[in-house]
Amino acid sequence: MGDSVSLFVMGGWSDDEANFYKGWGGDWAIWGGGSWRFSEKAAFNVQINYDDADNFGAVANVEYELVNNFVITPEVAYSDNFDEDDADEWGGYLRFQMNWGS
């Protein structure tokens with residue numbers, strides 16, 4: 001099952017600043033990303049986003065199934081607002097997931 005790729009692009013628009021469902025700055029936002037399964041045990045995932053208020057974000061991770069039903073996922077994230085000085089931020093996490101009954 002190696003070498004499978006999936007991609008997505010989506011956008012949002014709202015002219016209501018107080019909308020509960022609108023989590024972006026400005027009137028519009030766009031997201032894009034994808035996943036590349038490069039082996040039976042591992043996949044690389046990435047997502048980027050940008051909005052009308054010049055907010056940018058990028059996230060990447062690798063899902064790796066160490067043993068049957070036990071997945072380790074290290075992830076790194078970056079965000080910035082291109083209108084503000086020194087607004088960039090880095091973050092990340094390391095996830096351990098065990099699935100029972102599969």
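- Applying the side chain to side chain contact (heavy atoms under 4.5 Å, CB included) rule to S14 yields the partners D16, N19, K22, W24; only residues at least two apart in sequence or on another chain are considered.
- With sequence neighbours excluded, no residue forms a side-chain hydrogen bond (donor to acceptor under 3.5 Å, both in side chains) with S6.
- Rounded to the nearest 0.5 angstrom, S35 OG and Q47 CD are separated by 12.0 Å.
- Note: the hydrophobic cluster containing F38 also contains L7 (ILVMFWY, side chain heavy atoms under 4.5 Å, direct or indirect links).
- At a threshold of 4.5 Å between side-chain heavy atoms, the hydrophobic network of Ile, Leu, Val, Met, Phe, Trp and Tyr places M10 and Y50 in two separate groups.
- For the pair R37/F44, no side-chain contact is recorded, criterion being any heavy-atom separation below 4.5 Å from C-beta on.
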Please tabulate, for the side chains in residues 26-33, all donor-acceptor contacts under 3.5 angstrom to protein atoms that are two or more places apart in sequence or on a different chain.
residue: W28; atom: NE1; partner: D52; partner atom: OD1; Å: 3.0

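- Every residue meeting the side-chain hydrogen bond (donor to acceptor under 3.5 Å, both in side chains) condition with Q97, not counting sequence neighbours, appears here in chain and number order: R95, N99.
- Note that the CZ atom of F56 and the CG atom of N49 stand 7.0 Å from one another [nearest 0.5 Å].
- V59 and V46 are not part of a single hydrophobic cluster, where members link through side-chain heavy atoms under 4.5 Å apart.
- Taking 4.5 Å as the limit, every side-chain heavy atom of M98 sits out of range of all side-chain heavy atoms of F96.
- Heavy-atom neighbours of F8 CZ from other residues, nucleotides or ligands within 6.0 Å: above the threshold of 12.
- Linking Ile, Leu, Val, Met, Phe, Trp and Tyr whenever their side-chain heavy atoms come within less than 4.5 Å puts V62 and V5 in one cluster.
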Only pairs under 3.5 Å count here: list side-chain donor-acceptor contacts from residues 70-83, not counting sequence neighbours, and write none if there are none.
residue: E75; atom: OE1; partner: N61; partner atom: ND2; Å: 2.8
residue: E75; atom: OE1; partner: Y93; partner atom: OH; Å: 3.4
residue: Y78; atom: OH; partner: D80; partner atom: OD2; Å: 3.2
residue: D80; atom: OD1; partner: D88; partner atom: N; Å: 3.4
residue: N81; atom: OD1; partner: D83; partner atom: N; Å: 2.8
residue: N81; atom: OD1; partner: E84; partner atom: N; Å: 3.2
residue: N81; atom: ND2; partner: A53; partner atom: O; Å: 3.0
residue: N81; atom: ND2; partner: N55; partner atom: OD1; Å: 2.7

